[in-house]
Amino acid sequence: MLKKKYKLLFFGKKNDTFSKKIISFLNQKFDLIYFLSSSPNENFDIKLEKINNIDFIFCFRSYYLLKKNILSKVKYQSINFHPGPPEYRGIGCVNFAILNDSKFYGLTAHLIDQEIDHGKIINVRRLKIKKNDTIQELLNKTYKLQILQIKKIVNHLLKKKCNFDELINENKKEKWSKKLYTRSDLNKLYVIKKNISKKNLKLRLRATITDKFKPHVVLHKKKFYHSES
């Protein structure tokens with residue numbers, strides 16, 4: 001069994017099947033500490049201040065935004081596993097990919113810097129978007145691929161003694177989009193205008209409907225949500 005040499009700090013999402021699978025894998029390879037967030041307002045700052053000698057940070061679906069003082073503690077690299085290709089940065093990437101009728105989606109592993117989805121790219125994988133893929137179906141495919149991506153990155157860093165120059169060079173043609181999708185952009189996407197065409201309405205519904213979230217129209221300052229029935 002591989003000796004647990006490096007200390008890795010993992011940030012994932014609470015009650016998330018994929019985060020649990022990643023934790024199970026990482027626990028076999030590293031001296032692992034993890035934090036699972038359940039909302040954007042969660043704050044781990046006090047607990048993190050007590051943690052030192054961190055070799056790596058991995059982020060996957062976490063709401064927690066890493067601050068400079070935490071990143072400065074890392075000996076080697078901090079890596080984010082972004083559930084979207086470089087063409088889609090920020091929040092709601094899968095929604096906008098479907099809305100734009102993109103043919104392909106993807107996932108990006110990149111080094112973390114002080115901007116969102118901006119650091120040097122170390123791995124990109126793409127998958128074809130099927131005509132009838134729902135948001136959740138496409139995300140599930142993405143998350144499954146991200147587990148394989150994480151395993152590849154781990155094997156590389158253990159084999160190459162934490163040097164990512166080779167991967168960065170292999171992916172130098174991959175460039176982040178200048179557009180950063182925000183929470184405001186996503187909120188606007190969920191508002192259906194009364195003059196929308198039938199074709200665009202169908203695409204908008206596909207790009208917004210999930211079990212948890214539904215698009216809506218606003219009439220007299222009241223929201224009326226879409227219902228399948």
Side-chain angles (χ1 to χ4, degrees), residues 2 4 6-51 54-67 70-71 73-74 76-86 88-95 97 105-113 116-119 121-127 133-158 164 181 183 186 210-213:
L2 184 68
K4 293 183 178 179
Y6 300 111
K7 181 185 283 187
L8 188 145
L9 186 56
F10 175 72
F11 293 89
K13 188 175 180 180
K14 196 171 184 178
N15 300 321
D16 173 56
T17 301
F18 299 100
S19 291
K20 290 177 182 177
K21 289 181 178 180
I22 293 168
I23 288 170
S24 178
F25 168 72
L26 294 177
N27 199 43
Q28 299 173 44
K29 304 289 186 179
F30 300 94
D31 178 6
L32 181 68
I33 300 171
Y34 61 87
F35 291 86
L36 302 178
S37 58
S38 55
S39 73
N41 300 320
E42 232 163 345
N43 194 323
F44 300 126
D45 291 1
I46 295 175
K47 292 180 180 178
L48 287 170
E49 284 175 6
K50 300 176 182 178
I51 300 174
I54 304 166
D55 293 304
F56 296 96
I57 288 178
F58 279 10
C59 293
F60 170 79
R61 301 196 69 198
S62 175
Y63 291 111
Y64 182 74
L65 293 178
L66 291 168
K67 297 177 178 64
I70 302 301
L71 291 172
K73 289 185 175 188
V74 180
Y76 296 109
Q77 296 291 354
S78 300
I79 301 171
N80 181 45
F81 294 89
H82 173 61
Y88 290 96
R89 298 171 57 211
I91 191 170
C93 300
V94 67
N95 305 80
Y105 195 58
L107 42 147
T108 310
H110 66 95
L111 304 184
I112 298 174
D113 60 17
I116 296 173
D117 301 334
H118 179 269
I121 295 171
I122 57 178
N123 185 255
V124 177
R125 295 193 64 172
R126 286 184 170 81
L127 62 154
D133 272 341
T134 64
I135 292 172
Q136 199 55 57
E137 286 170 344
L138 188 52
L139 282 177
N140 285 341
K141 293 176 188 177
T142 302
Y143 298 148
K144 286 177 182 178
L145 277 177
Q146 283 191 292
I147 292 177
L148 297 177
Q149 185 184 56
I150 288 172
K151 289 180 178 180
K152 176 180 178 176
I153 299 298
V154 167
N155 290 335
H156 178 88
L157 71 86
L158 293 177
F164 287 97
Y181 289 100
R183 173 64 66 181
L186 187 60
T210 69
D211 291 339
K212 190 176 180 180
F213 300 104

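Summarising the local packing, NZ of Lys7 is surrounded by more than 12 heavy atoms from other residues, nucleotides or ligands at distances under 6.0 Å. Around atom NZ of Lys14, no more than 12 heavy atoms belonging to other residues, nucleotides or ligands sit under 6.0 Å away. In Ile33, the CD1 atom is crowded: over 12 heavy atoms of neighbouring residues, nucleotides or ligands sit closer than 6.0 Å. Crowding of Lys141 atom NZ: a count of heavy atoms from other residues, nucleotides or ligands under 6.0 Å exceeding 12. The number of heavy atoms from other shown groups lying within 6.0 Å of NZ (Lys144) does not exceed 12. Ile91 CD1: more than 12 foreign heavy atoms inside a 6.0 Å radius.
Every residue was checked against the salt bridge (charged side-chain N to carboxylate O under 4.0 Å, His left out) condition with Lys13, not counting sequence neighbours, and none meets it. A search for side chain to side chain donor-acceptor pair (under 3.5 Å) contacts involving Tyr105 returns nothing, not counting sequence neighbours. For Gln77, the side chain to side chain donor-acceptor pair (under 3.5 Å) criterion is met by no residue, not counting sequence neighbours. With sequence neighbours excluded, the residues that form a side-chain contact (heavy atoms from CB on, under 4.5 Å) with Leu145 are Leu107, Arg125, Leu127, Leu148. Residues passing the side chain to side chain donor-acceptor pair (under 3.5 Å) test with Arg126, sequence neighbours excluded: Glu87, Glu174. With sequence neighbours excluded, no residue forms a salt bridge (charged side-chain N to carboxylate O under 4.0 Å, His left out) with Asp55. Under the rule for a ring pair (Phe, Tyr, Trp, His ring centres under 6.0 Å), Tyr63 has no partner lying at least two apart in sequence or in another chain. With sequence neighbours excluded, the residues satisfying ring pair (Phe, Tyr, Trp, His ring centres under 6.0 Å) with Tyr76 are Tyr6, Phe56. Annotation: ring pair (Phe, Tyr, Trp, His ring centres under 6.0 Å) contacts of Tyr34 (sequence neighbours excluded): none. Looking at residues two or more places apart in sequence or on another chain, you find no side chain to side chain donor-acceptor pair (under 3.5 Å) involving His156. For Phe10, the ring pair (Phe, Tyr, Trp, His ring centres under 6.0 Å) test picks out no residue, with sequence neighbours left out. Applying the side-chain contact (heavy atoms from CB on, under 4.5 Å) criterion to Glu49, with sequence neighbours excluded, gives no partner residue.
A 4.5 Å side-chain heavy-atom check between Arg61 and Tyr143 finds at least one atom pair inside the cut-off. Side-chain atoms of Ile57 and Ile54, non-hydrogen and from C-beta on, do get closer than 4.5 Å to each other. The shortest distance between side-chain heavy atoms of Asp117 and Thr108 does not fall below 4.5 Å. Counting heavy atoms from C-beta outward, Leu186 and Tyr181 have side chains that stay 4.5 Å or more apart. Side chains of Leu32 and Leu9 form no contact here, defined as non-hydrogen atoms less than 4.5 Å apart. Proximity of Asn80 to Phe58: side-chain heavy atoms (C-beta onward) are nowhere separated by under 4.5 Å. Counting heavy atoms from C-beta on, the side chains of Asn15 and Ser38 never come closer than 4.5 Å. The closest side-chain heavy-atom distance from Asp16 to Lys20 is not below 4.5 Å.
At distances below 3.5 Å, not a single donor-acceptor pair connects side-chain atoms of Asn27 with backbone N or O atoms of Ile23. No donor-acceptor distance shorter than 3.5 angstrom exists from the side chain of Ser37 to the backbone of Ser39, with no hydrogens or angles considered. Using a distance-only test at 3.5 Å, with no hydrogens or angles considered, no donor-acceptor pair links the side chain of Gln136 to the main chain of Asp211. A donor-acceptor pair under 3.5 Å is formed between the side chain of Lys73 and the backbone N or O of Leu48. Put simply, the side chain of Ser78 never gets that close to the backbone of Ile112: no donor and acceptor are under 3.5 Å apart.
Side-chain atoms of Tyr88 and Asn95 form no donor-acceptor pair, as typed in the model, at a separation below 3.5 Å. Side-chain contact check for Gln146 and Thr142: no donor-acceptor pair (N or O, by modelled atom type) lies under 3.5 Å.
Here Ile150 contributes atom CD1 and Asn123 contributes atom CG; the two are 10.5 Å apart, rounded to the nearest 0.5 Å. Atom CG in Leu157 sits 10.0 Å away from atom NZ in Lys29 (nearest 0.5 Å). Rounded to the nearest 0.5 Å, atoms CG (Asn43) and CG (Leu65) are 10.5 Å apart. Note that SG of Cys93 is 11.0 Å distant from CG of Leu138, once rounded to the nearest 0.5 Å.
The shortest heavy-atom contact between Leu66 and Cys59 is CD1-SG, 3.5 Å. Looking at every heavy atom in both residues, Asp113 comes nearest to His118 through OD2-ND1, 2.6 Å. In terms of heavy-atom proximity, Gly90 sits nearest to His82 at O-CE1, 3.8 Å. The two residues Phe11 and Tyr64 make their nearest non-hydrogen contact at CE2-CD2, 3.7 Å.
Between Phe81 and Phe60, the ring centre distance reaches or exceeds 6.0 Å.
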